[in-house]
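Have a look at the structure below, then the notes.
Sequence lines set the chain letters: A, B, ... in the order given, protein chains first and strands last, and positions in each chain run from 1.
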Number of protein chains: 2
Amino acid sequence: MTVTLADVARRARVHPGTASKALNPATRHRVAPDTVRRIVRAAQALGYEPNSLARGLRTRRSRTVGVLIPDLANPLFPPIVRGIEQVLGAADHLALLADTDNDADREERLVAMLLGRRSDGFIVATARREHPLLDRLADAGTPLVLLNRVSDHPRHSSVTGDDAEGVLDAVRHLAALGHRRIAHLAGPQDLSTGHLRHRAFLDAVDRLGLDRGDCPVLPGTTYSTEAGRSGAHAALSLHPRPTAVLAGNDLMALGVLDALTEAGLHCPRDLSVIGFNDMPMLDRMATPLTTIRTPQHEIGAESARLMLRILDGLPEPLHIRLPCRLIVRASTAAVGQPG
Amino acid sequence: MTVTLADVARRARVHPGTASKALNPATRHRVAPDTVRRIVRAAQALGYEPNSLARGLRTRRSRTVGVLIPDLANPLFPPIVRGIEQVLGAADHLALLADTDNDADREERLVAMLLGRRSDGFIVATARREHPLLDRLADAGTPLVLLNRVSDHPRHSSVTGDDAEGVLDAVRHLAALGHRRIAHLAGPQDLSTGHLRHRAFLDAVDRLGLDRGDCPVLPGTTYSTEAGRSGAHAALSLHPRPTAVLAGNDLMALGVLDALTEAGLHCPRDLSVIGFNDMPMLDRMATPLTTIRTPQHEIGAESARLMLRILDGLPEPLHIRLPCRLIVRASTAAVGQPG
DNA sequence: GTCCAGAAGACAAACGATTGCCGTCCATGA
DNA sequence: TCATGGACGGCAATCGTTTGTCTTCTGGAC
């Protein structure tokens with residue numbers, strides 16, 4: 001039914017080993033040009049497609065990269081995944097997507113599964129700051145690229161946005177609008193982004209000459225609208241009440257907007273809100289959200305490029321940081337002014 | 001480095017073949033219970049994980065299903081993909097995602113790649129009504145499940161929403177609001193959904209006693225906001241102007257809203273708009289969209305279940321249709337009334 | 001005591017590619 | 001004329017499983 005290398009070899013009247021060499025650009029020079037032509041023609045005529053299972057078994061390379069993401073339904077990830085797939089695909093590699101659903105057990109099982117399938121490496125968007133599984137993988141010599149996250153141990157390569165720069169831009173924007181009481185609804189502190197943005201926020205407050213006492217940080221436990229909503233309720237009951245909120249990410253910012261509606265308040269009149277990531281469709285929301293745009297597609301693409309280079313033996317670790325940009329929309333306004 | 005079946009066998013003092021039989025529930029009965037225990041313990045102690053490349057090579061089954069989607073960044077698909085992954089994962093299968101980007105050449109290449117990786121079957125969300133590639137796959141005996149689409153040749157199994165029912169509900173809703181001049185911005189007619197919803201629209205017009213002459217159908221070439229926008233401009237220049245539009249899908253409906261804004265008109269005051277699919281975040285839009293909800297997660301899950309059954313030898317083809325539901329939001333209102 | 005059935009496990013042949021090694025042949029130079 | 005060397009392509013081992021067949025051994029029936 002399916003055509004194998006032996007079929008091609010038979011048709012071209014050569015030994016299968018020779019056919020293999022002729023079809024592989026790296027070894028092609030070992031075969032006479034005429035013979036190569038004959039073999040290539042035979043392969044085309046038969047519609048030969050190499051069996052990657054057999055190939056992978058022999059070469060111990062599957063040309064396959066596992067991609068661990070916490071939740072594909074989070075609009076942040078599709079553009080990233082597309083970036084990964086494009087780069088990987090161009091290099092004739094395949095991305096194996098694994099949605100961990102933010103569940104460590106599920107992640108364990110998926111990784112075992114992907115390892116069984118002999119993935120060459122992993123691009124990991126689920127990294128926590130401490131992450132035993134990743135350490136084990138790294139110990140076993142599995143190539144790893146952290147995406148959007150960095151590890152507390154700099155041994156793992158990573159590709160991220162320049163969160164600190166983004167946060168500084170955002171706080172500067174708010175300060176320029178006259179805001180002095182700015183709250184930060186921090187993301188989970190066991191994630192590097194949550195931690196980093198938190199620190200960057202404090203840093204920005206200092207650098208811009210704001211008063212830390214006026215700029216409270218409210219910790220959230222997840223990157224979700226729900227966490228944003230409850231965090232916002234907490235922020236709204238503070239005295240004095242903040243006039244602006246920097247959310248840990250866009251979903252949390254959307255939750256803040258929900259909380260405002262519930263409290264009968266208005267954004268940006270009563271509270272300016274800034275998100276993080278600029279996930280798709282944000283510009284079409286009831287209140288188009290001001291946010292810090294991270295180059296999602298590019299982060300994905302760059303992480304795939306890095307993975308390919310690592311698979312080719314590039315010395316590690318490498319840390320790539322891509323610039324962010326503040327996108328101003330309708331959810332921020334000058335203090336005390338109608339939006 | 002990696003532990004193989006031979007390692008396990010050595011530790012348990014049996015032949016590798018015996019170890020294989022003991023580890024496989026289906027052949028376990030050929031090995032004495034004590035020996036099984038010994039082998040299982042050895043496998044656990046060593047952390048044995050079977051090499052699926054070798055296994056697949058031998059068994060000609062990769063426990064892997066290719067999933068062809070047109071565009072992962074379209075918010076419609078992530079929930080579907082999650083549904084697929086969940087069901088497949090529970091059966092210890094893996095989904096290989098391939099984003100065709102609506103490009104037939106790219107699709108060809110990806111399918112060749114997936115076939116090379118010996119995918120056991122394909123779940124296809126990119127099907128056009130005429131689709132030579134699919135016919136070729138089917139001819140070659142590759143298990144196929146069409147998702148969200150049906151083929152004009154009923155030979156291919158499929159899982160879809162009950163579009164006709166949804167369209168009827170939508171038109172009935174508009175008619176109940178007093179609309180008599182309802183336009184349909186049809187999706188691409190070479191896609192079954194576009195075709196089917198178009199026919200269902202005409203059907204609904206007839207059944208609800210509306211006048212076909214008052215209910216024009218404007219064809220769109222793609223399922224995009226851009227197509228919706230230009231289609232809406234065309235609709236708005238009609239005399240008499242329609243009071244309601246049923247869009248081919250949600251993205252087109254969003255395009256209609258854009259066109260309204262551009263024309264200085266208001267939804268729903270000047271035009272009621274209905275989408276299709278209820279993709280995520282629609283409820284948070286500037287104008288929360290009335291739409292027909294298709295059970296996306298369930299469609300994905302069901303297509304995966306169907307695929308697994310087909311791989312187990314279920315006779316084909318089977319066509320599964322899942323119910324839709326109209327979700328009324330703020331983009332529809334009674335004729336001539338403010339929203 | 002002999003025979004036989006059946007259980008248990010060993011054995012080996014695949015699956016389809018890759019790759020280092022080896023033989024053959026021809027051309028070249030001395 | 002003969003030795004040398006390079007080009008070409010055949011050969012066979014190998015990757016890690018699975019699985020049909022074969023051998024061995026045990027116990028029970030006669």
When the distance from [atom1] of [X] to [atom2] of [N] is rounded to whole Å, what number comes out?
{"X": "A:H15", "N": "C:dC22", "atom1": "NE2", "atom2": "P", "result": "16 Å"}
{"X": "B:E49", "N": "D:dG16", "atom1": "CD", "atom2": "C1'", "result": "14 Å"}
{"X": "B:L53", "N": "D:dT18", "atom1": "CG", "atom2": "C1'", "result": "15 Å"}
{"X": "B:L5", "N": "C:dC11", "atom1": "CG", "atom2": "C1'", "result": "14 Å"}
{"X": "B:L46", "N": "D:dG16", "atom1": "CG", "atom2": "C1'", "result": "15 Å"}

When you check the gap from the basic side-chain N to the acidic O, do [X] and [Y] get nearer than 4.0 Å?
{"X": "B:R128", "Y": "B:D135", "value": "no"}
{"X": "A:R305", "Y": "A:E302", "value": "yes"}
{"X": "A:D71", "Y": "B:R82", "value": "yes"}
{"X": "A:D312", "Y": "A:R309", "value": "no"}
{"X": "B:R10", "Y": "B:D7", "value": "yes"}
{"X": "A:R109", "Y": "B:D92", "value": "no"}
{"X": "B:D34", "Y": "B:R37", "value": "yes"}

Selection: residues 17-29 of chain B, any non-hydrogen atom under 4.0 Å of DNA chain C: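 Heavy-atom cutoff 4.0 Å gives B:T18, B:K21.
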Can you pull out the residues from residues 56-64 of chain B that lie within a 4.0 Å heavy-atom distance of DNA chain C?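 Hits under 4.0 Å, by residue number: B:L57, B:R58, B:R60.
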So, with a heavy-atom separation below 4.0 Å from DNA chain D, the residues of residues 30-39 of chain A are A:R30, A:V31, A:A32, A:T35
Side-chain heavy-atom pair B:V124, B:H156 within 4.5 angstrom cut-off: no
Taking the side chain as everything from C-beta on, heavy atoms only, tell me whether A:L68 gets closer than 4.5 Å to A:L110.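 Side-chain contact under 4.5 Å: no.
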For a quick test of reading the model: is some side-chain N or O of A:Y48 closer than 4.0 Å to OP1 or OP2 of C:dA17?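 Indeed, a polar side-chain atom of A:Y48 lies that close.
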Between CG of B:L318 and CG of B:L306, what distance do you get to the nearest 0.5 Å? 6.0 Å
Going through the checks in order, is the side chain to side chain contact (heavy atoms under 4.5 Å, CB included) test met by A:L115 and A:L137? CA-CA 10 Å; A:L115 280 177; A:L137 283 175; 3.9 Å; yes
